[in-house]
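Please read the structure below before turning to the comments.
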Amino acid sequence: MLADTEPGEEMIAVAMAMGAAPPGVTPASGNESVGPFRYLIVKNAFIIDGTGAPPQGPVTIVVEGDRITSIVGSGMQSAHVEASDPGPGIHVIDAAGKYVIPGMIDSHAHFGSPYHALGGSITAPDYVGMLYLAHGVTTLRDVGSLMGLNWTLQQKRRGNSGEISIPRIEAYAMFPERTPDAEAARQWIRSIKKNGADGVKFLGAAPQVMKAALDEANNLGLRSAYHHAQTSVTRMNALDSAALGLTSIEHWYGLPEAMFEDQVIQNYPPGYNYSNEQDRFSEAGRLWLQAAPPASKTWRRTIDQLLDKDMTMVPTFSVYESNRDVMRHVTLEWHEDYTMPYMARIFEPNPKIHGSYHFDWTTADEVAWKANYRRWMDFVNDYKNAGGRVAAGSDSGFIYNIYGFSYVRELEMLQEAGFHPLEVLQAATLNGAQLLGMEADIGTLEIGKKADMVIVDDNPLANFKVLYGTGHRRFNMESGRMERAAGILYTVKDGIVYDAKLMLKKVREMVAQRKQLEARGATSR
């Protein structure tokens, strides 16, 4: 890291020192958004409220400003607004036959990435914001604030005011792994708190440094997320950090290591090199089967200990899915229209870029990862069934995963893990809100809460694929033709209505324009 770098700015400072341009200015919202209104009325809707309750309806939801003030049965009116006769300051959406769910929360997000600069450009923030909103995500937990803590907090303030079209942001700064001692750790935590951070993300550090950092974060009311990197997991696994007051475990690292019975260190082959990411991720795909098996005493004891600490798991299944079927991810149907060319380039194998590691990915690697997923999913599902909190997070921007689309894929993979669709939606809404400590305001459709909601043309519980921006392909028996489900129509955040279809159109235009500029040689690539 660069000397004298302000806490929270370490990663973007390194990228800029290597020649990357600073993060761009997010343009003000355009015609993709309207509101907030004196009254917003969504009538004739079926609602899935996020609490775990089944669908109900039809109902009418009344919003005043940015808060839900009434949810009543169809045909009943609020005491002070006539839903059928809109006037000044009243906006009505007829959601007959449609479903309304709470605004969703991506609990492991990166609002852009400096790594994309290695493909030709740092991430365009309006591209990220509109893709997320178009997929129903109204809140992000930015774990690491990779574009810089100050820049991320600026986006948070502008988004909260409704000036720009982005989800609400909770900004976590990235703790430097090479922090030298406990006092330096405490000072760094105090600095990011003073600057406005909501939390801190860890990759690891010396145990005494981690202990001091977590203690200081907890004392200051900062929440914490931990990706237990293999470079430090032998000194602090998931149970060790949970005992120190950690808020959430990211991905799954640190969990198998806490359940080793016949070893204390991962079974690395002699030629392993952590800095070679094919080595790193190939062997990671063989890790869960080295741990105690499902239903064993060690397995159950680990779950009980994590439950005792009220640990939240954010598995991010979708970000690693290419490891079990790399060609599926390379050829995903949305890449052509929705993936920025500078992102497409960093997805391709490159030893200089994090997450671009499929140098010589084999059938054996994919088979190992499929078995790894089964064991990993079993653990997460068992933790949920035991009463543990699991939240949905996508880690988009890496490994062929793009914003919004990979979040929907995460929902599908939670269902694959054994979650009932209502439990999946709960992970995407209420559980994420509880993780952030924001359940009084967001996460469910309830009177008094923020007006964060998603209006969907189809029932997402029947098929999460209808949430994809590209829709869901299906055969229409009456017309005898293939068609695409309309999917998300509107996303509402803080009472502001965002047109999902218009945002997707604007993203397609951004991608096409970038490709045209590159074809003319008008960019740095």
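The shown structure was predicted, so the numbers you read here are calculated from the model rather than taken from an experiment.
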_Under the rule for ring-ring contact (aromatic ring centres under 6.0 Å, His included), what residues qualify as partners of Y272, not counting sequence neighbours?_
Y268
_Could you walk me through whether L255 and I249 satisfy the side chain to side chain contact (heavy atoms under 4.5 Å, CB included) test, starting with their C-alpha distance in whole Å, then the side-chain angles of each, then the deciding distance to 0.1 Å, before giving a yes or no?_
CA-CA 9 Å; L255 290 168; I249 295 169; 4.0 Å; yes
*Examine distances only and state if a side-chain atom of D240 and a backbone atom of N237 form a donor-acceptor pair shorter than 3.5 Å.*
yes
*Say whether, by atom type as modelled, one donor and one acceptor occur between the side chain of E410 and the main chain of F317 under 3.5 angstrom.*
yes
_Once you measure the plane-to-plane angle for Y115 and H354, does it fall in the parallel (<30°), tilted (30-60°) or perpendicular (>60°) bin?_
tilted
_Ionic contact status for K156 with E170, cut-off 4.0 Å_ = yes
*Have S406 and S396 got a donor and an acceptor in their side chains that come within less than 3.5 Å?*
yes
*When Q290 is tested against each of Q263, E257, R375 for side-chain hydrogen bond (donor to acceptor under 3.5 Å, both in side chains), which residue passes?*
Q263
*asked:* If we ignore hydrogens and angles and just use 3.5 Å, is the side chain of E250 paired with the main-chain N or O of A225 as donor and acceptor?
replied: no
*Fit a plane to each ring of Y320 and Y253, take the angle between them on a 0 to 90° scale, and name the class: parallel (under 30°), tilted (30 to 60°) or perpendicular (over 60°).*
perpendicular
*For residues 288-317, which residue pairs qualify under salt bridge (charged side-chain N to carboxylate O under 4.0 Å, His left out), counting only residues two or more places apart or in two chains?*
D310-R389
*asked:* Is the ring pair W288/F379 parallel, tilted or perpendicular, if the boundaries are 30 and 60 degrees?
replied: tilted
*asked:* If we ignore hydrogens and angles and just use 3.5 Å, is the side chain of E10 paired with the main-chain N or O of G8 as donor and acceptor?
replied: yes
*Hey, could you give me the CZ/OG distance between F281 and S322, rounded to the nearest 0.5 Å?*
9.5 Å
*Evaluate side chain to side chain contact (heavy atoms under 4.5 Å, CB included) for H329 paired with V326, printing each intermediate quantity in order.*
CA-CA 5 Å; H329 267 54; V326 68; 5.7 Å; no
*Give a yes or no on whether R474 atom CZ has more than 12 heavy-atom contacts from other residues, nucleotides or ligands under 6.0 Å away.*
yes
_Return the CG to CG distance between L430 and L435, rounded to the nearest 0.5 Å._
11.0 Å
*Do S248 and R141 have a side chain donor and acceptor closer than 3.5 Å?*
yes
_Any non-hydrogen side-chain atom of N372 less than 4.5 Å from a side-chain atom of W252?_
yes
_From NE2 (H420) to CG (L425), nearest 0.5 Å_ = 11.0 Å
*asked:* Can a side-chain donor-acceptor contact be found between Q155 and T26 if the only test is distance below 3.5 angstrom?
replied: yes
*Any chance you could lay out the side chain to side chain contact (heavy atoms under 4.5 Å, CB included) test for T298 and F260, step after step, and finish with the verdict?*
CA-CA 8 Å; T298 300; F260 285 162; over 6 Å; no
*So does D365 pair up with R286, basic N to acidic O under 4.0 Å?*
yes
*Can a donor-acceptor pair be found between the side chains of Y274 and E283 at a distance below 3.5 Å?*
no
*Aromatic rings H108 and H110: how do their planes relate, parallel, tilted or perpendicular, breaks at 30° and 60°?*
perpendicular
*If you look only at pairs with a residue in residues 323-338, which of them pass as a salt bridge (charged side-chain N to carboxylate O under 4.0 Å, His left out), with sequence neighbours excluded?*
E321-R324, E321-R328, R324-E416, E333-R484, E336-K515
*Are side-chain heavy atoms of I12 and E9 found at a separation under 4.5 Å?*
yes
_Surrounding CE of M482 (heavy atoms of other residues, nucleotides or ligands, distance under 6.0 Å), is the total greater than 12?_
yes
*Answer whether the closest heavy-atom distance between the side chains of L146 and M174 falls below 4.5 Å.*
yes
*Taking the side chain as every heavy atom from C-beta outward, state whether T234 and H228 have any pair of such atoms under 4.5 Å apart.*
no
*Salt bridge between R345 and E518, side-chain N to carboxylate O under 4.0 Å?*
yes
*Look at the side chain of Q278 and the backbone N and O of D360, then say whether any donor-acceptor pair between them is shorter than 3.5 Å.*
yes
*Between NZ of K211 and CD of Q208, what distance do you get to the nearest 0.5 Å?*
10.0 Å
*Between the side chain of T138 and the main-chain N/O of P167, is any donor-acceptor distance below 3.5 Å?*
no
*Atom OG1 of T123 and atom CD1 of I346: how far apart are they, to the nearest 0.5 Å?*
8.5 Å
*Heavy-atom side-chain contact between P293 and E261 under 4.5 Å*: yes
_Using side-chain heavy atoms (C-beta onward) and a distance below 4.5 Å, is I166 in contact with F111?_
yes
_Among residues at least two apart in sequence or on other chains, which ones pass ring-ring contact (aromatic ring centres under 6.0 Å, His included) with H472?_
none
*Determine the interplanar angle of the H227 and H251 rings, folded into 0 to 90°, and report it as parallel if under 30°, tilted if 30 to 60°, perpendicular if over 60°.*
perpendicular
_Is it true that, when you exclude N476 itself, more than 12 heavy atoms of the residues, nucleotides or ligands shown sit nearer than 6.0 Å to its CG?_
yes
*Do T247 and L222 have side chains that get closer than 4.5 Å, going by heavy atoms?*
no
*Measure the spacing between CG of L411 and NZ of K465 and express it to the nearest 0.5 Å.*
11.5 Å
*Measure up the H116 and Y342 rings against each other and bin them: parallel (under 30°), tilted (30 to 60°), perpendicular (over 60°).*
tilted
*Is there a donor-acceptor pair closer than 3.5 Å between any side-chain N or O of E177 and the backbone N or O of A205?*
no
*Not counting sequence neighbours, which residues clear ring-ring contact (aromatic ring centres under 6.0 Å, His included) with Y99? List them please.*
F46
*Answer yes or no: is there a donor N or O on one side and an acceptor on the other, between the side chain of S296 and the main chain of W299, under 3.5 Å?*
yes
*Could you please spell out the steps behind the side chain to side chain contact (heavy atoms under 4.5 Å, CB included) verdict for T429 and I105?*
CA-CA 6 Å; T429 56; I105 300 164; 5.5 Å; no
*asked:* Side chains of T139 and R168: any donor to acceptor distance under 3.5 Å?
replied: yes
*Mind checking what makes ring-ring contact (aromatic ring centres under 6.0 Å, His included) contact with Y132, not counting sequence neighbours?*
Y403
*Looking only at heavy atoms, what is the nearest atom pair of A392 and L414, with distance?*
CB-CD1, 4.1 Å
*Decide whether N431 and Q426 meet the rule of one side-chain donor and one side-chain acceptor closer than 3.5 Å.*
no
*asked:* In the structure I gave you, are the side-chain heavy atoms of M343 and F398 within less than 4.5 Å of one another anywhere?
replied: no
*asked:* Could you check whether K506 pairs with E509 (Lys NZ or Arg NE/NH1/NH2 to Asp/Glu carboxylate O, under 4.0 Å)?
replied: no
*Kindly say whether the aromatic ring centers of F405 and H135 come within a distance under 6.0 Å.*
yes
*asked:* Closer than 4.0 angstrom, basic N to acidic O: yes or no for K370 and E366?
replied: no
*Determine yes or no for a side-chain-to-main-chain donor-acceptor pair under 3.5 angstrom, with S241 supplying the side chain and A238 the backbone.*
yes
*For the residue pair W361 and N323, confirm or rule out a side-chain donor-acceptor distance under 3.5 Å.*
no
